[in-house]
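See below for the structure under consideration.
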Amino acid sequence: QVQLVESGGGLVQAGGSLRLSCAASGRSFGSYAMGWFRQAPGKEREFVAVVSWSGGSPYYADSVKGRFTMSRDNAKNTVYLQMNSLKPEDTAVYYCAAALGIGSVYDSEYDYWGQGTQVTVSS
């Protein structure tokens with residue numbers, strides 16, 4: 001069992017930055033690939049980024065590539081999402097998720113989810 005708690009969301013102007021954190025508790029955090037997803041009002045949840053259990057090169061959605069950076073610190077059981085050059089279309093609830101294996105862009109392949117943190121980008 002893995003429990004995930006996101007933090008760091010908030011209100012920011014377009015062009016600004018935020019850093020989201022996802023703290024994990026439970027067993028074997030280092031065995032899980034970690035992903036970030038987001039869901040805007042009236043839209044389906046969408047993939048943002050994923051990093052393998054080893055913390056190798058993360059994979060990003062095209063919409064955030066070059067602006068967002070995902071990292072993980074297995075010693076702290078935490079993953080991060082640094083978001084720069086934010087746009088109004090980045091407004092959403094952001095979720096972190098854990099999956100055994102190498103990770104995926106598909107939310108159905110994740111085993112555990114956090115409660116989400118709201119990110120609002122004003123124009």
Side-chain angles (χ1 to χ4, degrees):
Q1 190 80 4
V2 176
Q3 294 81 41
L4 304 172
V5 179
E6 302 95 336
S7 61
L11 173 64
V12 64
Q13 288 189 332
S17 298
L18 284 174
R19 189 176 83 152
L20 305 183
S21 299
C22 173
S25 60
R27 297 169 54 183
S28 304
F29 170 75
S31 300
Y32 288 84
M34 298 296 297
W36 284 99
F37 290 78
R38 66 187 182 185
Q39 187 167 22
K43 295 187 177 181
E44 293 189 353
R45 187 162 54 191
E46 66 173 0
F47 166 77
V48 175
V50 60
V51 66
S52 69
W53 65 270
S54 64
S57 297
Y59 179 77
Y60 301 96
D62 287 344
S63 59
V64 307
K65 200 173 296 182
R67 301 187 297 121
F68 290 11
T69 302
M70 184 177 184
S71 60
R72 70 184 294 163
D73 185 338
N74 285 348
K76 295 183 178 179
N77 282 10
T78 302
V79 294
Y80 305 96
L81 186 68
Q82 177 66 43
M83 306 186 295
N84 298 329
S85 302
L86 283 161
K87 304 175 181 180
E89 52 263 44
D90 294 318
T91 295
V93 177
Y94 283 71
Y95 299 90
C96 69
L100 285 172
I102 63 172
S104 172
V105 302
Y106 301 107
D107 59 2
S108 60
E109 298 192 15
Y110 286 78
D111 305 294
Y112 302 102
W113 291 83
Q115 83 290 348
T117 186
Q118 176 71 47
V119 171
T120 303
V121 184
S122 63
S123 57

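What you see below is based on every heavy atom in this structure, not just the backbone, and it leaves out hydrogens, waters and symmetry mates.
In this structure, Tyr106 is a member of the same hydrophobic cluster as Tyr95, with clusters built from ILVMFWY side-chain heavy atoms closer than 4.5 Å. Both Val12 and Phe68 are assigned to one and the same hydrophobic cluster, defined by single-linkage of ILVMFWY side chains at heavy-atom distances under 4.5 Å. No chain of hydrophobic side-chain contacts below 4.5 Å, direct or via other Ile, Leu, Val, Met, Phe, Trp or Tyr residues, connects Tyr80 to Val93. The same ILVMFWY cluster, assembled from side-chain heavy atoms under 4.5 Å apart, contains both Val2 and Met70.
Ser28 contributes atom OG, which lies 11.0 Å from atom CG of Asn74 (distance to the nearest 0.5 angstrom). Residue Gln1 holds its CD atom at 9.0 Å from OG of Ser25, rounded to the nearest 0.5 Å. To the nearest 0.5 angstrom, Tyr94 atom OH is 15.0 Å from Ser7 atom OG. The OG atom of Ser85 sits 7.0 Å away from the CZ atom of Arg67 when rounded to the nearest 0.5 Å. Interatomic distance, CG of Leu4 versus CD of Gln115, reported as 9.0 Å (0.5 Å rounding). The OH atom of Tyr110 sits 4.5 Å away from the CZ atom of Phe37 when rounded to the nearest 0.5 Å.
Closest of all the heavy-atom pairs between Val51 and Pro58 is CG2-CG, 4.2 Å. Smallest separation of non-hydrogen atoms from Val105 and Tyr59: CG1-CE2, 3.8 Å. Taking every heavy atom of both residues into account, Leu86 and Leu18 meet most closely at CD1-N, 3.9 Å. Closest approach of Gly9 and Leu20 over heavy atoms only: N-CD2, 3.6 Å. The two residues Tyr112 and Tyr32 come nearest to each other via the heavy atoms CE1-OH, 3.7 Å. Nearest heavy atom pair, residue Ala40 against residue Ala92, reads N-CB, 3.8 Å.
Contact check for Leu100 versus Trp53: no side-chain heavy atoms found under the 4.5 Å cut-off. With contacts defined as side-chain heavy-atom distances shorter than 4.5 Å, the pair Gln3/Val5 does not qualify. Counting only heavy atoms from C-beta outward, the side chains of Met83 and Trp36 never approach each other to under 4.5 Å. Taking the side chain as every heavy atom from C-beta outward, Val79 and Leu81 never approach each other to under 4.5 Å.
Other residues, nucleotides and ligands contribute only 12 or fewer heavy atoms inside 6.0 Å of the NZ atom of Lys43. Within 6.0 Å of CG on Leu11 lie more than 12 heavy atoms contributed by other residues, nucleotides or ligands.
The side-chain tip of Arg72 points at the ring of Phe29 from less than 6.0 angstrom away and within 45° of straight on.
Paired with Arg38 under the rule side-chain hydrogen bond (donor to acceptor under 3.5 Å, both in side chains), one option of Thr91, Asp90, Thr117 passes, and it is Asp90.
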